[in-house]
Amino acid sequence: MRIRLVATTAVAAGALTALSAVPAQAAEYDSALKIRGIQYDAPGSDSNRCSGGNTAEEYLTIKNYSRSTTVNLKGYVVKDAAGNKFTFTASHTLQPGDYVKLRGGNGADSDTKNVVYRDNCNFMWNNDKDTIYVYKPSGSRADVHSYTKRGSDADGNGYITYHG
């Protein structure tokens with residue numbers, strides 16, 4: 001009996017240690033919709049001019065990882081650590097396996113081209129570090145990821161992949 005109790009306690013302690021070692025941003029949420037990747041640093045020199053700037057080259061890719069559920073993005077919210085946010089106000093449906101690129105700048109949203117524009121010429125994502133939050137219309141968190149330029153972008157191209 002004593003050996004089982006010691007072994008069970010050791011296993012439980014190991015599991016608790018493993019759980020506490022996982023950073024908060026690596027938590028998995030019960031959501032079909034997840035961040036696939038982010039182009040946090042637009043190629044070239046940053047220029048947030050509405051005409052001729054490169055804000056549209058900064059984007060967040062959100063994917064529906066469900067095998068059977070269609071997701072309507074209306075009401076979903078994307079935020080950064082500083083509180084900048086974008087709310088999907090129009091219906092935009094993602095079939096299972098489908099994705100959308102949320103781009104900065106102005107443009108025509110398109111289901112066929114899988115793009116939604118923030119209609120804001122300011123950059124949303126920091127080039128050195130940031131945290132990306134995606135919230136469901138209910139207010140519960142769908143996904144979150146933090147990045148640092150040095151720690152997350154091994155090849156230095158300004159793009160990070162999260163869920164492949």
Side-chain angles (χ1 to χ4, degrees), residues 22-48 50 53-164:
V22 176
Q25 70 268 18
E28 282 297 319
Y29 294 92
D30 184 25
S31 174
L33 207 64
K34 297 198 181 296
I35 300 165
R36 182 172 185 268
I38 183 170
Q39 180 72 48
Y40 68 92
D41 188 1
S45 297
D46 286 352
S47 172
N48 62 357
C50 284
N54 63 342
T55 312
E57 298 305 313
E58 180 184 89
Y59 61 88
L60 178 71
T61 305
I62 300 172
K63 183 176 178 180
N64 179 357
Y65 285 90
S66 171
R67 293 183 183 185
S68 59
T69 304
T70 298
V71 177
N72 186 342
L73 293 175
K74 186 174 184 176
Y76 273 81
V77 175
V78 175
K79 286 185 178 181
D80 74 345
N84 296 308
K85 78 177 191 175
F86 173 82
T87 303
F88 288 91
T89 57
S91 289
H92 187 92
T93 55
L94 294 180
Q95 302 297 323
D98 201 6
Y99 68 92
V100 66
K101 286 185 178 180
L102 175 60
R103 292 189 175 273
N106 297 312
D109 296 350
S110 172
D111 280 340
T112 57
K113 292 184 180 179
N114 293 4
V115 65
V116 171
Y117 287 88
R118 290 189 299 113
D119 291 328
N120 184 323
C121 296
N122 293 319
F123 290 99
M124 185 164 180
W125 312 112
N126 293 331
N127 289 352
D128 60 343
K129 64 181 178 178
D130 213 334
T131 302
I132 311 156
Y133 302 92
V134 178
Y135 292 95
K136 297 176 183 181
S138 66
S140 64
R141 195 173 285 170
D143 203 8
V144 61
H145 289 280
S146 293
Y147 67 85
T148 62
K149 184 172 189 145
R150 286 184 160 201
S152 307
D153 188 5
D155 60 8
N157 69 352
Y159 186 84
I160 301 169
T161 300
Y162 293 110
H163 302 278

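Everything numeric in this text was worked out from a predicted model, so none of it was measured.
Among I38, N84, I132, the single residue meeting the side chain to side chain contact (heavy atoms under 4.5 Å, CB included) criterion with M124 is N84. Residue Q95 is tested with T70, V71, D111 for a side chain to side chain contact (heavy atoms under 4.5 Å, CB included); the sole match is T70. The one candidate from D128, D41, D155, D130 that meets the salt bridge (Lys or Arg N to Asp or Glu O under 4.0 Å) condition with K149 is D41.
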Criterion side chain to side chain contact (heavy atoms under 4.5 Å, CB included) on R141 and Y135, from CA distance to verdict: CA-CA 4 Å; R141 195 173 285 170; Y135 292 95; 3.3 Å; yes

Worked check of side chain to side chain contact (heavy atoms under 4.5 Å, CB included) between Y59 and T61: CA-CA 7 Å; Y59 61 88; T61 305; 3.5 Å; yes

Trace of the side chain to side chain contact (heavy atoms under 4.5 Å, CB included) decision for V77 with Y133: CA-CA 8 Å; V77 175; Y133 302 92; over 6 Å; no

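Between D143 and L33 there is no side-chain heavy-atom pair separated by less than 4.5 Å. Residues V116 and F86 form a side-chain contact, since some pair of their non-hydrogen atoms from C-beta on lies under 4.5 Å apart. Side-chain contact check for R118 versus L102: some heavy-atom pair is nearer than 4.5 Å.
Across all their heavy atoms, N54 and F123 have their closest contact at OD1-CZ, 3.2 Å. Residue G107 comes nearest to D119 through the heavy atom pair N-OD1, 3.8 Å, listed as atom of the first residue, atom of the second, then distance. Between A42 and E58 the shortest heavy-atom distance is CB-N, 4.1 Å. R103 approaches E57 most closely through the heavy-atom pair NH1-CA, 3.9 Å.
Side chains of T112 and S110: a donor on one and an acceptor on the other come within 3.5 Å. Side-chain contact check for D98 and N64: no donor-acceptor pair (N or O, by modelled atom type) lies under 3.5 Å. For D153 and Y40, the side-chain atoms include at least one donor-acceptor pair closer than 3.5 Å.
Looking at N114, its side chain does come within 3.5 Å of a backbone N or O of Y99 through a donor-acceptor pair. In this structure a side-chain-to-backbone donor-acceptor pair under 3.5 Å is missing from N72 to T93. A donor-acceptor contact shorter than 3.5 Å is absent between the side chain of T55 and the backbone of G105. Judged by distance alone, the side chain of S66 and the main-chain N or O of S68 form a donor-acceptor pair under 3.5 Å. A donor-acceptor contact shorter than 3.5 Å links the side chain of D109 to the backbone of Y117.
K34 forms no cation-pi arrangement with Y65, by the criterion of a distance under 6.0 Å to the ring centre and an angle within 45° of the ring axis.
For K136, the NZ atom is densely surrounded, since the number of other residues' heavy atoms within 6.0 Å is greater than 12.
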